[in-house]
Number of protein chains: 2
Amino acid sequence: MAKKPMLLRDLFHETLKDIYFAENKILKTLPKMAKAAHSKDLQRAFSKHLRETEGQVKRLNQIFKIIGKPARGKTCTAINGIAEEGAEIMKDFKGMPALDAGLLAAAQAVEHYEMSRYGTLRTWAEELGMPDAAKLLQATLDEEKATDLALTKIAKSVVNVEAEQELVS
Amino acid sequence: MAKKPMLLRDLFHETLKDIYFAENKILKTLPKMAKAAHSKDLQRAFSKHLRETEGQVKRLNQIFKIIGKPARGKTCTAINGIAEEGAEIMKDFKGMPALDAGLLAAAQAVEHYEMSRYGTLRTWAEELGMPDAAKLLQATLDEEKATDLALTKIAKSVVNVEAEQELVS
């Protein structure tokens, strides 16, 4: 029996399931990160991104509707690996001066993973003639980029404080 | 016994080991991706990035010297997860029209992971008063960004070809 040809629309569907799983994983992880963070700015940034992520999951639900498939995730080993590294940092650096810097690094790794996936999906949606899906994906991509920039700003201030603490420690 | 305080320099060292492992993993993966790719442009891009990666590993060796530690990696579950997804695509889409689009997506996920790590390490090197290390990290970050841009360009042309193939299939 010949194998069914795997086309761009199949790849789009597979990748949509991948990011759907990832976003749902992030929904569970962000409250833990917000709770662990020392800096108020960082706590607020994580809480804000949690609300954004809820909206991003809604957009994914709309895209599943556009392609006529049920909204369902499939295990994304990449996000699981990134989350595992983040959990390790929360454990190893608990109560330590560098915890927030580590949390920020973990969060930015997540943002970059999402940026690569949403960029790819947006390009494919355009090529597959789905302008409405492309628009939804672009909206999320813009949010992820803005979050990454906001985290970079916090990273610089958090790291400054940490560095000072080290000088006096 | 009190736990040793984990400071920014410890986090820098841990993250350096993480990206050292990741780069060495990428060195093993890129030849397989170059061999699998259909598009000549994509093959060339992967081969070029292989040579760049060799230079990036050398820079990491220099940074280990700067901090007076042996150049040693530690398992990076994030890159392992991303690589696993790439291997799955190579298997599921072997000989299929959408293979190159899938390879590109996998490669861009890798680039984004590296960009987040090098950006973080560069910021920390500056704060820790290591301008030479910061310069080396910035050089690699610039290369990763350029590679990502080059891949985006190829992605658009590859996807165009695939989309046409689908219309006639």
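Each chain gets a letter, A, B and so on, in the order the sequences are listed, and its residues count up from 1.
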message: Distance check, rounded to the nearest 0.5 Å: B:Met96 atom CE versus A:Asp10 atom CG?
response: 9.0 Å

task: Please assess A:Lys156 against B:Thr123 for the test side-chain contact (heavy atoms from CB on, under 4.5 Å), listing each intermediate value before the final yes or no.
output: CA-CA 7 Å; A:Lys156 287 186 180 164; B:Thr123 301; 4.2 Å; yes

query: What heavy-atom pair brings B:Gly81 and A:Thr77 nearest, and what distance separates the two atoms?
result: O-OG1, 2.8 Å

field: Engaged part of B:Asp148 at the chain A interface, taking heavy atoms whose separation is under 4.5 Å
entry: neither

- prompt: Does anything in residues 49-76 of chain B get under 4.5 Å of chain A by heavy atoms, and if so which residues?
  reply: B:Lys74, B:Cys76

field: Residue B:Glu88 versus chain A: region with a heavy atom under 4.5 Å
entry: side chain

task: Mind checking the CG-CG spacing from B:Asn80 to A:Asn80? Nearest 0.5 Å is all I need.
output: 12.5 Å

- request: Sort B:Thr120 into side chain, backbone, both or neither according to what part of it lies under 4.5 angstrom from a heavy atom of chain A.
  value: side chain

- prompt: Any idea which heavy atoms bring B:Ala109 and A:Tyr113 closest together, and the distance?
  reply: CB-CE1, 4.2 Å

Pairing of B:Glu85 and A:Arg117 as salt bridge, 4.0 angstrom limit: yes

- prompt: Who among A:Ser116, A:Gly102, A:Ala83 has the most heavy-atom pairs with chain B under 4.5 Å?
  reply: A:Ser116

- request: Could you tell me which residues in residues 129-139 of chain B have at least one non-hydrogen atom under 4.5 Å from a non-hydrogen atom of chain A, sorted by residue number?
  value: none

Pick from A:Gly86, A:Gly95, A:Gly119, A:Ala105 with the largest number of heavy-atom pairs that fall under 4.5 Å of chain B: A:Ala105

- request: Quick one: do B:Leu11 and A:Ile89 satisfy side-chain contact (heavy atoms from CB on, under 4.5 Å)? Show the steps, please.
  value: CA-CA 9 Å; B:Leu11 193 55; A:Ile89 290 203; 4.1 Å; yes

